Amino acid sequence: MGPRGTGGRAGRAGAPAPGWTCLLPLLLCTALRSLRASPGSEVNLLDSRTVMGDLGWIAYPKNGWEEIGEVDENYAPIHTYQVCKVMEQNQNNWLLTSWISNEGASRIFIELKFTLRDCNSLPGGLGTCKETFNMYYFESDDEDGRNIKENQYIKIDTIAADESFTELDLGDRVMKLNTEVRDVGPLTKKGFYLAFQDVGACIALVSVRVYYKKCPSVIRNLARFPDTITGADSSQLLEVSGVCINHSVTEEAPKMHCSAEGEWLVPIGKCLCKAGYEEKNNTCQAPSPVSSVKKGKITKNSISLSWQEPDRPNGIILEYEIKYFEKDQETSYTIIKSKETAITADGLKPGAAYVFQIRARTAAGYGGFSRRFEFETSPVLAASSDQSQIPIIVVSVTVGVILLAVVIGFLLSGRRCGYSKAKQDPEEEKMHFHNGHIKLPGVRTYIDPHTYEDPNQAVHEFAKEIEASCITIERVIGAGEFGEVCSGRLKLQGKREFPVAIKTLKVGYTEKQRRDFLGEASIMGQFDHPNIIHLEGVVTKSKPVMIVTEYMENGSLDTFLKKNDGQFTVIQLVGMLRGIASGMKYLSDMGYVHRDLAARNILINSNLVCKVSDFGLSRVLEDDPEAAYTTRGGKIPIRWTAPEAIAFRKFTSASDVWSYGIVMWEVMSYGERPYWEMTNQDVIKAVEEGYRLPSPMDCPAALYQLMLDCWQKDRNSRPKFDEIVSMLDKLIRNPSSLKTLVNASSRVSNLLVEHSPVGSGAYRSVGEWLEAIKMGRYTEIFMENGYSSMDAVAQVTLEDLRRLGVTLVGHQKKIMNSLQEMKVQLVNGMVPL
Ligand code: ACK
């Protein structure tokens, strides 16, 4: 018989449960206090713990599930249902929830918290006792679906306990609360019922939480992304378009992807504040209010005022608006507009108080009004009163003159914190175009700074000069070929201070070193793309000479990946690769060949946005420790470089594509060294003979195929960067295409040399094996838990790993795949375990 509406409502204080089962509720409060609140991206549709009144659930038959009347420490009811018919045959006890609206979500999650009695600990109940129960659902658009039959419910799963409890546990008052989560989808109706079927277990269902996941509304890259309910498919990524926030415009259409887990992934594109607006805390605002207003000369009919430019003008101030009115007469006010930072309001009443407010206007519009400033005109008095103004006038005039002198001096000395561009001789500008670099509308091409007779001219053509006093160096973060790399802050006039990276040129440099050092800025300054490191400017007029760029919180990509081994989802890794490909597409469109594309030359910020960096002038790669001299004398990073570029220096965007393939490999293997410890000569030889790097572990087949395409011997057969970007976009839009991984056996058969970190050799110890797969941190735990030989390790299951405390999914995968691989090799007779 089905669970019908005729069934009895589960009694709040049912008949006392037999024997030990009545002990269950006593332990619930302690366990309940530890229940976790729902995280931000989860939206509860039902939480039995927070329902104050009757839940309205139905038990069928009446003597099956029963509700225990318990309260928590705040005397709020705890809706706990229990059933324990372990001694009786053929149990079929149903508990039906009331109708639950899915609020438009097409995939919902059900979190159950329950305790379950261990059958082995039951005297005589072994024959009939069960240790599982079943969960079902039935979809319906309204509440009429309750009278449906048992067999119309769709089974979600059989629920078993990770930990069941025994009599002993009851004695110790230890509550083994199990948490199980299941998800259901796609849902097509407006709501659903859940049902729990007991077939003879001893269960206390402590709480039921039903929720869906969403990617919460967020502003990223100045674009607003709305609350987005995750997709129906557990691996689906929803592409969501962002809308530029007020006062900003699209640079590249902003998009993000909402994952089934409710995380925003793979940000693409961005908005920029309109001219005159400044980016601050994810907003764009016009000029800040005038903050300091001083009174000047005051007579019986006039008040003179002066003020300072707002702290953050955010553009050129076109004029000020001064509003004033007699105190308490706000409805009747006067407005004066002034281009100066001083005015005189006249025609005022003698001896009256006036209120002044000032605001500035830039091309972006008016900023906010200043606070109110109150000043009084002089009263009408005898002639002597005007005498009393003389000292004020004298002081004001003196202060005014001094101020004027300071301002003029300041302007003349050019020591304002702002950018200054070297003045361009029109002749020179002409020459520049005569050099063959005529810019076609809409097509920007890269100009090789070498084409300038004077490299200093190139720097000032493409890079803004920054006053050294605007830079605060905070700490050294690394060493470059020319000097230290530091992090610090840059405060430009009219802009808020922001973090920057500062490359310095060490003292005692030669003229050539200075030229080469600044050459990078001449190149970088020509680029403007979200995936290319942004140049803020250069310091050339004082020492040390510096190049100032945007700050990338996570530093270089190879180090970052090594530090966070196994910790990203495939989509996050593909997002990084997409960014790099997009930056490279921009460079190749500009006609710039990078020649040293490698993960060490990619920087990554706190949003995991990757940007191409390292634009050496000579591109003979003096500063790359990976670069080695070839027989022809050039210095080349062999492992990253296409064969034609190594052999006859044919560097093109197609050779950059080869390097990009190597970067893909580095990213997917979390910063592994390409070709491991092979010598450069062996790498050149192996590649020439047609060998290629094997697929990294856990690598989607589509990505490995793309790598192989990038490593085509014939450079014309390699994909172009725009094709790579489109391909990665397609994979991101359709993440199920990333599910097919390169299988372990084909991965091994692709090995170009025997030297592989995983699976290519018999490991002498568990420690050696774990070290080889970069999981050395778990060696002690393995040893302590009896996995001290490779034979023992071969038996490890995923459950065992979790028990050992290997909780990171990436690490679990790495270990399990390595084991799987070793087993495959064993079967193939390739490597003895
Ligand atoms: O891996 P890292 O921390 O990232 O160490 C190197 C070091 O300086 C020498 O190049 C770091 N670095 C270079 N440019 C930047 C930047 N724009 N933002 C943050 N770190 C940077 C790089």
Side-chain angles (χ1 to χ4, degrees), residues 221 270 462-464 466 470-492 497-506 509 513 516-539 544-565 567-568 576 579-580 583-584 586-587 594-619 621-627 637 640 663 666-667 669-674:
N221 292 338
K270 65 173 179 182
F462 301 117
K464 295 162 188 165
I466 299 176
C470 306
I471 300 167
T472 315
I473 293 185
E474 283 170 346
R475 62 194 176 89
V476 177
I477 53 173
E481 160 77 1
F482 297 98
E484 283 164 342
V485 183
C486 306
S487 63
R489 306 186 71 78
L490 177 63
K491 171 74 185 86
L492 295 171
E497 196 176 55
F498 57 96
V500 285
I502 304 140
K503 284 189 176 182
T504 56
L505 176 60
K506 60 189 166 209
Y509 53 82
Q513 281 173 326
D516 286 353
F517 176 72
L518 288 174
E520 178 169 23
S522 311
I523 297 169
M524 217 191 297
Q526 298 183 47
F527 304 139
D528 178 20
H529 187 272
N531 299 104
I532 304 289
I533 194 81
H534 174 72
L535 176 73
E536 292 298 339
V538 291
V539 177
V545 174
M546 301 186 229
I547 296 178
V548 183
T549 65
E550 69 181 300
Y551 185 66
M552 301 289 285
E553 296 83 349
N554 283 319
S556 53
L557 182 60
D558 64 332
T559 316
F560 175 70
L561 287 173
K562 280 177 206 157
K563 255 193 274 175
N564 296 284
D565 190 5
Q567 309 219 6
F568 297 110
M576 296 174 199
I580 303 166
M584 289 307 297
Y586 174 85
L587 293 182
H594 191 289
R595 298 184 182 212
D596 197 8
L597 179 57
R600 65 183 167 279
N601 290 329
I602 303 292
L603 292 165
I604 180 161
N605 70 14
S606 53
N607 286 329
L608 301 189
V609 174
C610 287
K611 308 203 181 195
V612 180
S613 81
D614 201 65
F615 303 98
L617 178 64
S618 61
R619 309 315 295 153
L621 312 161
E622 296 297 343
D623 60 334
D624 189 339
E626 281 294 347
W640 283 264
V663 172
E666 290 183 277
V667 169
S669 54
Y670 284 92
E672 184 63 84
R673 180 169 167 74

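Ligands are counted one by one from 1 in listed order, and the atoms in each one are counted from 1 as well. What you are looking at is a predicted structure, and each value in this text was computed from that prediction instead of being measured.
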- Message: Using a 3.5 Å distance criterion without hydrogens, assess whether the side chain of Glu497 forms a donor-acceptor pair with backbone atoms of Arg489.
- Response: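 Checked: no pair found.
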- Item | Considering all heavy atoms, the nearest Leu587-Phe615 contact |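 Scanning both residues completely, I find the closest heavy atoms to be CD1-CE2, 3.8 Å.
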- Contacts of Thr549 that satisfy side chain to side chain contact (heavy atoms under 4.5 Å, CB included) - sequence neighbours left out: Ala501, Met524, Ile533, Leu535, Ile547
- Item | Partners passing side chain to side chain contact (heavy atoms under 4.5 Å, CB included) against Asn531 (at least two apart in sequence or in another chain) |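 Expected list: His529, Ser582, Val609.
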Any protein N or O within less than 3.5 Å of an N or O in ligand 1? List each pair with its distance, or say none.
residue: ligand 1; atom: 1 (O); partner: Ser556; partner atom: N; Å: 3.1
residue: ligand 1; atom: 1 (O); partner: Ser556; partner atom: OG; Å: 2.5
residue: ligand 1; atom: 4 (O); partner: Ser556; partner atom: N; Å: 3.1
residue: ligand 1; atom: 17 (N); partner: Thr549; partner atom: OG1; Å: 3.3
residue: ligand 1; atom: 17 (N); partner: Glu550; partner atom: O; Å: 2.9
residue: ligand 1; atom: 18 (N); partner: Met552; partner atom: N; Å: 2.9

- Note on the structure: Between Leu561 and the options Glu666, Met576, Glu672, Gln567, the side chain to side chain contact (heavy atoms under 4.5 Å, CB included) test singles out Met576
- Sequence-distant partners of Tyr551, ring pair (Phe, Tyr, Trp, His ring centres under 6.0 Å), two or more places apart: none
